[in-house]
Amino acid sequence: GTYKLIATTTSLTYYDKKLTTGKEYYYKVRAYRKVGVRKYYGYYAAPVLGIPSLKTPSISIINSSVNSLEINISKVNGATGYYIYEIIDGENVLITNTTSLKYIHNELELGSIHKYKVVAYRGKVLSNESREIEYTVRPSKLSVKVTSPTFNSHKLYSELHDISEEDDVKLYVYQST
């Protein structure tokens, strides 16, 4: 094929920053020495193939509740979207294709274990899979607010937060003697 000059440099390193992810680029390099006003050129090095790729994204759980969790994805420069996979019985099952860096996975069962991976993409070019993360759905932190009995009342008020009717909650009362 034909080549065009893209740069002249005195450095031993050159970064071509105007590339398209997944497109093939071939590079040839040759050195020259300047003596006075005259340039003496060496032979071209063998062509080298370069294909820009996407970095591997990372994934984390940043928020959870009793039946959902929020997945956070690290931004990958050049990516136009992300595939989020849930690993079920050792197989990657696509749960969403998103351009967002956050995804909420709803309707999870209490006590269930979920494993996730993410892949960044740009067109047909895919990054490597992220490391796998695992999450067990647990009840959110339970908080109990106890209000002391008032002077004329013998009732002890308690208020449970983040509890649904299906949750098995035991409230123990201890009375000092």
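Computed from a predicted structure; not experimentally measured.
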*Neighbour count above 12 (heavy atom, 6.0 Å) for E134 CD*: yes
Please set out all donor-acceptor pairs under 3.5 angstrom arising from side-chain atoms of residues 102-112, sequence neighbours excluded.
from, atom 1, to, atom 2, distance (Å)
K102, NZ, N72, OD1, 3.1
H105, ND1, Y116, OH, 2.7
S112, OG, E109, O, 2.5
S112, OG, H114, NE2, 2.8

_To the closest 0.5 Å, what do you measure between CG (L101) and NZ (K75)?_
6.5 Å
_Is a donor from one side chain sitting under 3.5 angstrom from an acceptor on the other, for E86 and N92?_
no
*About how many Å separate CD1 of I133 and OG of S60, when rounded to the nearest 0.5 Å?*
6.5 Å
*Tell me, yes or no, whether the heavy-atom count around Y15 atom OH, taken from other residues, nucleotides or ligands under 6.0 Å, exceeds 12.*
no
*So do I73 and I84 actually touch side chain to side chain, heavy atoms under 4.5 Å?*
yes
*Is there a side-chain contact between K117 and I59 (heavy atoms, below 4.5 Å)?*
no
Show me the donor-acceptor pairs, under 3.5 Å and distance only, between side chains in residues 5-14 and residues at least two apart or in other chains.
from, atom 1, to, atom 2, distance (Å)
T9, OG1, S11, N, 3.0
S11, OG, T13, N, 3.0
S11, OG, T13, O, 3.1

*Can you tell me if OH on Y43 sees more than 12 non-hydrogen neighbours from other groups inside 6.0 Å?*
no
*Roughly how far, to the nearest 0.5 Å, is the OG1 atom of T136 from the CD1 atom of I113?*
4.5 Å
*Any donor-acceptor pair under 3.5 Å from S74 side chain to S58 backbone*: yes
*Taking all non-hydrogen atoms of both residues into account, name the closest pair between T80 and R122 and its distance.*
OG1-CA, 3.5 Å
_Taking the side chain as everything from C-beta on, heavy atoms only, tell me whether Y3 gets closer than 4.5 Å to Y26._
yes
*Would a 4.5 Å heavy-atom cut-off, applied to side chains only, mark Y85 and V118 as touching?*
no
*Between Y82 and N97, is a side chain to side chain donor-acceptor pair (under 3.5 Å) present by the stated rule, with each step listed?*
CA-CA 6 Å; Y82 303 89; N97 170 1; over 6 Å; no
*asked:* Under 3.5 Å, is there a donor on one side chain and an acceptor on the other for R30 and Y32?
replied: no
*Do you know the tightest heavy-atom contact between P57 and A120?*
CG-N, 3.8 Å
*Distance (rounded to the nearest 0.5 Å) between I51 CD1 and K23 NZ*: 12.0 Å
*So if you build clusters from Ile, Leu, Val, Met, Phe, Trp, Tyr with side-chain heavy-atom gaps below 4.5 Å, do L54 and Y25 land together?*
no
*Side-chain contact test, heavy atoms from C-beta onward, threshold under 4.5 Å: evaluate it for I87 versus E132 and give yes or no.*
yes
*Crowded around K124 NZ? As in, over 12 foreign heavy atoms under 6.0 Å?*
no
*From Y83 atom OH to L126 atom CG, the distance as rounded to the nearest 0.5 Å*: 6.5 Å
_Would T56 and E129 count as a side chain to side chain contact (heavy atoms under 4.5 Å, CB included) here? Give the steps._
CA-CA 6 Å; T56 303; E129 293 178 343; over 6 Å; no
